[in-house]
Engineer: 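Here you go, one structure.
Whatever order the structure lists them in is the order used to number ligands and atoms, beginning at 1.
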Amino acid sequence: TADAPWWTRAVVYQVYPRSFMDSDGDGIGDLGGVLSRLDHLSDLGVDVLWLSPVYPSPQADNGYDISDYQDIDPLFGSLTQLDELIEALHSRGMKLLMDLVVNHTSDEHPWFRESRSSPASPRRDWYWWRPPRGGMAAGDPGAEPTNWQSFFSGPAWTLDPASGEYYLHLFDRKQPDLNWENPEVRQAVHAMMRWWLDRGVDGFRMDVINMISKVVADDGHLHDGPPLPGSSLGDGSGQFLCGPRIHEFLAEMHREVFAGRDGTFLTVGEMPGVTVEDAELFTDPARAEVDMVFQFEHVGLDHGARKWDIQPLRMRDLKASFGRWQAGLATSGWNSLYWDNHDQPRAVSRFGDDSPRYRRDSATCLATLLHLHRGTPYVYQGQEIGMANYPFQTLDDFSDLESLNHYVHAVSAGEEPAHVLAALRKMSRDNARTPVQWDASPSAGFTTGTPWLPVNPDHVEWNAERQRSDDTSVLAHYRRLIALRHENPVVALGDFHMLLPDHEQVYAFTRSLDGEVLLVACNLSRTPQPLADLLPQTTGAELVLGNLPVDDPAVLAPWEARVLRLP
Ligand code: TEU
């Protein structure tokens with residue numbers, strides 16, 4: 001276990017800066033705010049800070065549309081403050097991951113401005129430009145070069161009238177895809193990454209990095225995907241997820257950026273649609289591509305055809321999925337572990353039970369379940385204090401373009417507005433983007449101004465200050481979970497074995513290392529469960545960490561999670 005990489009014992013904390021802490025009163029979080037709250041991170045015990053984008057951006061997608069990769073947007077602060085943050089984190093023994101968004105830039109990036117300026121521009125081939133589909137006129141419905149649907153609704157191509165050609169954007173039209181087939185693009189990205197490493201950054205979270213290789217014919221032709229039900233558009237994912245050159249591009253990136261550097265870096269690739277088999281290759285240390293990936297299987301289990309077609313999560317599906325990933329990466333490769341991030345609704349509302357009676361218990365139960373798996377846990381800002389979904393009322397309450405675009409497209413396609421709104425309330429990314437609740441004051445201690453997105457009214461009861469000295473709080477439990485990982489190699493490295501695969505309420509598994517066996521048993525329901533009957537080996541076992549006082553050793557109380565050391 002001595003030679004296991006440092007990040008196998010690490011816990012990463014994600015800061016979505018716009019909603020974390022505002023230091024200049026404009027109602028938008030910033031780097032000054034992050035700097036002012038580092039004690040909170042040290043107190044929690046996290047090792048790495050993943051900072052969502054703070055680069056210059058028109059903010060079409062809250063910074064995931066970058067117009068300058070080597071500066072800081074004045075909205076968030078300055079490069080000087082970023083350097084201060086690197087220094088402050090390093091002095092606390094922590095590391096900084098920057099968010100690398102290089103599948104696409106902003107349409108306001110100089111690269112795209114040049115590329116769009118003329119078909120003869122030397123940067124034309126830095127992006128994906130194509131003429132209208134064979135024989136059709138530019139601007140005709142269906143004349144887009146492929147039938148792909150954007151992740152943010154509508155076609156993934158937008159016409160540039162000046163040239164009569166379309167450009168590709170898998171996301172918003174203000175996020176044109178870079179053409180990674182072009183070695184000039186790859187070299188420019190590598191140079192930028194090296195520039196950040198030279199500044200002292202410790203690695204990257206790589207945004208939709210498995211989309212940078214598209215299936216493209218020798219003549220440049222891109223292919224349609226299968227038609228989407230009830231739509232004139234198609235599912236292009238087979239043409240751009242984990243495409244033919246993805247391993248080549250990531251290996252090249254690793255070689256050009258990290259090789260030869262003395263340092264202990266961390267790379268995590270965000271990969272919608274990635275399979276365990278793909279991830280075994282991506283995270284195989286011998287291949288030097290990425291250290292770990294964010295996969296999306298578990299956060300897709302309550303989705304139907306779309307994330308908005310919500311269905312109840314079945315426990316056996318969750319166990320099968322997590323179990324498959326634990327088994328698949330058991331001998332080589334590595335898992336990331338997450339419930340929450342800035343794109344997902346709050347786990348305590350989605351997978352837990354945010355009723356007054358069970359909110360604390362379910363939040364700490366879900367945390368125990370996740371953090372005791374094999375992999376690197378990611379804590380999303382506010383998750384450590386049990387922050388929950390926001391009580392959105394009307395469409396005006398929402399800010400996220402993914403949600404707003406979906407509403408417009410769904411309603412114009414004939415879906416019932418009230419039904420669409422109900423789905424937004426549950427699944428909108430805005431649920432994760434309300435300001436972090438630091439205290440019970442009017443704006444939860446987040447800002448002295450008007451917050452860009454309203455603070456959840458429940459901040460009066462659910463806030464960091466109230467929990468800091470409460471040993472029974474969600475925050476205290478996260479502190480203990482993180483310490484457990486730091487102090488026990490079996491938590492970081494122990495072999496994983498799933499138990500009770502078909503039980504609908506109890507999620508249980510063991511972790512084993514050098515003869516030490518921990519058994520983790522979590523009751524993800526409101527009904528007590530007969531632990532001793534289900535798992536007789538737990539009788540008399542030593543309690544290592546529980547999220548509730550143990551009333552009856554033989555019974556798991558509602559939302560009770562126990563970590564037991566077997567004799
Ligand atoms: O998200 C990638 C992504 O696939 C998500 O958009 C996800 O599909 C959706 O939000 C949830 O269903 C990354 C960033 O995390 C996200 O914030 C950006 O909007 C997106 O890429 C484009 O950069």
Engineer: Yes or no: does M427 have any heavy atom under 4.0 Å from an atom of ligand 1?
Structural biologist: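 No.
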
Engineer: Under 4.0 Å, heavy-atom basis, I'd like to know which part of M271 is in contact with ligand 1: side chain, backbone, both or neither.
Structural biologist: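 For M271, there is no contact with ligand 1 at all, from either part.
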
Engineer: Note the single closest protein heavy atom to atom 7 (C) of ligand 1, along with its residue, its atom name and the distance in Å.
Structural biologist: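 It is F296 CE2, 4.4 Å.
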
Engineer: Could you tell me which atoms of ligand 1, counted from 1 in the order shown, lie closer than 4.0 angstrom to a heavy atom of H342?
Structural biologist: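 Answer for ligand 1: 14 (C), 15 (O), 16 (C), 17 (O).
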
Engineer: With heavy-atom distances below 4.0 Å as the criterion, list the atoms of ligand 1 near H104.
Structural biologist: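 So the answer, numbered in order with elements, is 22 (C), 23 (O).
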
Engineer: Looking only at protein heavy atoms, which one is nearest to atom 9 (C) of ligand 1, and what is the separation?
Structural biologist: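 Nearest protein contact, heavy atoms only, for atom 9 (C) of ligand 1 is E402 OE2, 3.3 Å.
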
Engineer: If you measure from the Lys or Arg side-chain nitrogens to the Asp or Glu carboxylate oxygens, is any gap between R350 and D302 under 4.0 Å?
Structural biologist: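 Yes, R350 and D302 are salt-bridged.
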
Engineer: Identify the closest protein heavy atom to atom 15 (O) of ligand 1: which residue and atom is it, and at what distance?
Structural biologist: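 Result: D343 OD2, 2.4 Å.
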
Engineer: Against heavy atoms of R205, which atoms of ligand 1 measure under 4.0 Å?
Structural biologist: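 Answer for ligand 1: 14 (C), 15 (O).
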
Engineer: With a cut-off of 4.0 Å, which atoms of ligand 1 are near a heavy atom of F152?
Structural biologist: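 So the atoms of ligand 1 that pass are 19 (O).
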
Engineer: Heavy-atom distances under 4.0 Å are what count here, so tell me which part of Y16 touches ligand 1: side chain, backbone, both or neither.
Structural biologist: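 Neither; nothing of Y16 gets under 4.0 Å from ligand 1.
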
Engineer: Looking at ligand 1, would H303 count as a contact under a 4.0 Å heavy-atom criterion?
Structural biologist: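 Checking ligand 1 against H303, which is what was asked, there is no heavy-atom contact under 4.0 Å.
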
Engineer: On the 0 to 90° scale, with breaks at 30° and 60°, tag the W50-Y378 ring pair as parallel, tilted or perpendicular.
Structural biologist: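 W50 and Y378: perpendicular rings.
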
Engineer: Can R359 and D354 be counted as an ion pair, charged N to O under 4.0 angstrom?
Structural biologist: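 Looking at R359 and D354, the cut-off is not met.
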
Engineer: Do Y167 and R130 touch side chain to side chain, with heavy atoms closer than 4.5 Å?
Structural biologist: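 SC-SC contact between Y167 and R130 ruled out.
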
Engineer: Looking only at protein heavy atoms, identify the closest one to atom 13 (C) of ligand 1 and say how far it is in Å.
Structural biologist: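 Closest protein heavy atom to atom 13 (C) of ligand 1: D207 OD1, 2.9 Å.
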
Engineer: Among protein heavy atoms, which lies nearest atom 6 (O) of ligand 1, and at what distance?
Structural biologist: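 Checking every protein heavy atom, the shortest distance to atom 6 (O) of ligand 1 gives R429 NH1, 3.6 Å.
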
Engineer: Should E165 and R124 count as an ion pair when the cut-off is N to O under 4.0 Å?
Structural biologist: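 Yes, E165 and R124 are salt-bridged.
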
Engineer: Return the closest protein heavy atom for atom 8 (O) of ligand 1 as residue, atom name and distance.
Structural biologist: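 Looking only at protein heavy atoms, the one closest to atom 8 (O) of ligand 1 is F151 CD2, 4.2 Å.
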
Engineer: Between R186 and E181, does any side-chain N to carboxylate O distance fall below 4.0 Å?
Structural biologist: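 Salt bridge: no.
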
Engineer: Can you list the steps and then say if W452 with F446 is a ring-ring contact (aromatic ring centres under 6.0 Å, His included)?
Structural biologist: CA-CA 11 Å; W452 71 279; F446 163 73; 8.5 Å; no

Engineer: Check this for me: does any side-chain nitrogen of one of K307 and E402 sit under 4.0 Å from a carboxylate oxygen of the other?
Structural biologist: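 Salt bridge present between K307 and E402.
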
Engineer: Do R287 and D284 meet the salt-bridge criterion of a basic N to acidic O distance under 4.0 Å?
Structural biologist: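 The answer is no: the pair does not qualify as a salt bridge.
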
Engineer: Among all protein heavy atoms, pick out the one at the shortest distance from atom 20 (C) of ligand 1; state its residue, atom name and that distance to 0.1 Å.
Structural biologist: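 Going by distance alone, atom 20 (C) of ligand 1 is nearest to F171 CE2, 3.7 Å.
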
Engineer: Out of D397, D340, D400, which one pairs with R433 under the salt bridge (Lys or Arg N to Asp or Glu O under 4.0 Å) rule?
Structural biologist: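 The salt bridge (Lys or Arg N to Asp or Glu O under 4.0 Å) with R433 is passed solely by D400 among D397, D340, D400.
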
Engineer: Do me a favour and list the nearest non-hydrogen protein atom to atom 19 (O) of ligand 1 with residue, atom name and distance?
Structural biologist: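 Looking at atom 19 (O) of ligand 1, the protein heavy atom closest to it is D61 OD2, 2.6 Å.
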
Engineer: What atoms of ligand 1 come closer than 4.0 angstrom to any heavy atom of P272?
Structural biologist: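 Matching atoms, with element in brackets: 4 (O).
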
Engineer: Regarding D65 and K174, does a basic nitrogen lie under 4.0 Å from an acidic carboxylate oxygen?
Structural biologist: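 K174 and D65: not salt-bridged.
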
Engineer: Using a strict 4.0 Å cut-off to heavy atoms of K307, name the atoms of ligand 1 that fall inside it.
Structural biologist: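 Contacts of ligand 1 toward K307, numbered from 1: 11 (C), 12 (O).
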
